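To find a chain, count down the sequence lines: A is the first, B the second, and so on, and within it residues start at 1. Keep in mind that this is a model prediction, so the values were computed, not measured.
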There are 2 protein chains.
Amino acid sequence: MADAPVWSDHVQAVLARAGLKRGGARQRVIELLAREPCALSAVEIEDALRAEGKPTGRASIYRVLDLLVDHGLVERVAVGPGQARFERMHPSGEHHHHLVCDQCGRLVAFDDPALEQAIGDLSERLGVRVEHHDVVLRGACERCE
Amino acid sequence: MADAPVWSDHVQAVLARAGLKRGGARQRVIELLAREPCALSAVEIEDALRAEGKPTGRASIYRVLDLLVDHGLVERVAVGPGQARFERMHPSGEHHHHLVCDQCGRLVAFDDPALEQAIGDLSERLGVRVEHHDVVLRGACERCE
DNA sequence: CCACAAATGAGACTGAGTCTCGGAGTTATT
DNA sequence: AATAACTCCGAGACTCAGTCTCATTTGTGG
């Protein structure tokens, strides 16, 4: 987690540059995401903040998440229908994807250059502009196999 | 759509082999999916059946879709949070993925051997068993660029 | 310190999806 | 064809993630 402080500084910088003010709810959400490594749902964020004694309005949480997604600071990961998950995104564009274990529900992160390459080539072949891509694998993680 | 009748026959065969009975709601949903090529949402299915004068209970539609997904006859595609989409799946395992256009919302289907290859390699490298994978691209389709 | 814009939160609302349970339909057996 | 033993179906209540509204609070440039 050595990069977490860097990420939150980056977030503050981007938001300040956009002329936005600072508010309590936003700070709390950013702080939590900086601390947690991977794919929290909005409900988990709400619960975690309440558990820390910093209850925060649902509307604010969704607002902050939308804001961060719009500024490319957080990525929305659709691991399944019914609940979106969010995780911080690095300015470098470096990112990873997920495998959802059908047995234990665990989320395993991975990255793969060949996969990124294939997706990059695709945008040219199809004549479209690809802004963003989601890859979710489903199966059994090494612990459950 | 020359393969649609083949698909619905295949569905009937698989379900019969599983010792299931035939019922009206199930027939209607299968018939509709056989006719429609790509990624319908449950709500669209409900509306389409009602528009054809064959209103069908919501619970039945979800039941049938779950059943078909369980038997590998239909694929659940998560194009975004808040609404799952379903499309028929061929026994050969041949399938495609989707690009969602951020401007017009259109769904563009594509397939790509390099992508499949990369995902196939991945399961070995990670030491997991990948049963299923979802790839969703987001961007601008050639019409909106 | 003040004014004003931005941020917040309580809670009503929406809409996809689930659950329940009584009744209808299907099939095997005779 | 009648019966019995199933499975299947549908109306509608319910759940729950996410959205919207609007009155109030808070941060900040001047």
Side-chain angles (χ1 to χ4, degrees), chain A residues 11-32 39-50 52-71 73-87 105, chain B residues 11-32 39-50 52-71 73-87 105:
Chain A
V11 170
Q12 304 294 0
V14 169
L15 296 182
R17 206 179 312 133
L20 298 171
K21 298 182 178 174
R22 295 160 4 118
R26 191 177 295 166
Q27 299 299 325
R28 295 195 288 276
V29 172
I30 292 171
E31 207 177 283
L32 180 64
L40 290 170
S41 69
V43 173
E44 286 167 355
I45 292 172
E46 189 176 359
D47 291 348
L49 291 176
R50 192 172 328 105
E52 288 176 20
K54 307 174 193 164
T56 300
R58 216 197 338 284
S60 301
I61 292 174
Y62 283 105
R63 249 191 314 253
V64 171
L65 289 171
D66 281 350
L67 180 75
L68 295 175
V69 169
D70 283 351
H71 285 79
L73 297 162
V74 154
E75 187 178 9
R76 181 182 267 115
V77 183
V79 296
Q83 210 177 39
R85 291 179 166 271
F86 300 85
E87 71 182 30
Chain B
V11 170
Q12 305 294 1
V14 170
L15 296 182
R17 206 179 312 133
L20 298 171
K21 300 184 176 171
R22 298 163 356 121
R26 193 177 292 167
Q27 299 299 325
R28 294 196 288 276
V29 172
I30 292 171
E31 207 177 283
L32 180 64
L40 289 171
S41 70
V43 173
E44 285 166 356
I45 292 173
E46 189 176 0
D47 291 347
L49 290 176
R50 191 172 328 105
E52 288 177 22
K54 307 174 193 163
T56 300
R58 215 199 335 285
S60 301
I61 292 174
Y62 284 106
R63 250 191 313 252
V64 172
L65 290 172
D66 282 350
L67 180 75
L68 296 176
V69 169
D70 283 351
H71 285 78
L73 297 163
V74 154
E75 187 179 8
R76 181 181 266 116
V77 183
V79 296
Q83 208 175 36
R85 291 179 165 273
F86 299 85
E87 70 182 30

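When each of D:dG18, C:dT8, C:dG17 is scored by its nearest atom to the side-chain atoms of B:Ala84, the top-ranked nucleotide is C:dG17. For A:Arg58, taking side-chain heavy atoms from C-beta onward, the closest of the listed nucleotides D:dT19, C:dG9, C:dA16 is D:dT19.
Partner A:Phe86 forms a side chain to side chain contact (heavy atoms under 4.5 Å, CB included) with one of A:Val29, A:Leu65, A:Val64 and no other, that one being A:Leu65.
Rounded to whole angstrom, the span from the CD1 atom of A:Ile61 across to the P atom of D:dC16 amounts to 17 Å. Going from atom CZ of A:Arg76 over to atom P of D:dG18 covers 8 Å, rounded to whole Å. Regarding B:Gln83, its CD atom lies at a distance of 16 Å from the C1' atom of D:dC16, rounded to whole Å. Residue B:Gln12 contributes atom CD, which lies 11 Å from atom P of C:dT27 at whole-angstrom precision. Following rounding to the nearest Å, A:Ile45 (CD1) and C:dT8 (P) show an atom-to-atom distance of 14 Å. Separating the CG atom of A:Leu15 from the P atom of C:dA6 is a distance of 15 Å, rounded to the nearest angstrom. When the P atom of D:dC9 is taken as reference, atom CG of B:Asp66 falls 13 Å away, rounded to whole Å. Rounded to whole Å, atom P of D:dT19 lies 13 Å from atom CD of A:Glu46.
Counting non-hydrogen atoms under 4.0 angstrom, B:Arg63 reaches a base of the nucleic acid. Note on A:Thr56: only backbone sugar-phosphate atoms sit closer than 4.0 angstrom, heavy atoms only; bases stay farther off. B:Arg28 comes within contact range of the sugar-phosphate backbone alone, with a heavy-atom separation under 4.0 Å but no base atom that close.
Closest-nucleotide positions on DNA chain C for B:Leu20 and B:Phe86 were compared, and the one nearer the 5' end corresponds to B:Phe86. Positionally, the nearest nucleotide of DNA chain D for B:Lys21 lies more toward the 5' end than for the other of B:Ala59 and B:Lys21.
The shortest distance between the side-chain N/O atoms of B:Arg26 and the OP1/OP2 oxygens of D:dC8 is below 4.0 Å. The side chain of B:Tyr62 contributes no N or O atom lying less than 4.0 Å from OP1 or OP2 of C:dT18. For the OP1/OP2 pair of C:dA7 and a distance below 4.0 Å, the side-chain nitrogens and oxygens of A:Ser60 include no atom meeting the criterion.
Between A:Leu40 and A:Glu44, the shortest heavy-atom distance links the atoms CA-OE1, 3.4 Å. Taking both residues in full, the closest heavy atoms of A:Ala18 and A:His71 are given as CB-NE2, 3.8 Å, listed atom of the first, atom of the second, then distance.
Between the side chain of A:Arg26 and the main chain of A:Lys21, a donor-acceptor pair closer than 3.5 Å is present.
Comment: A:Arg50 engages A:Asp47 in a salt bridge, judged by a side-chain N to carboxylate O separation of less than 4.0 angstrom.
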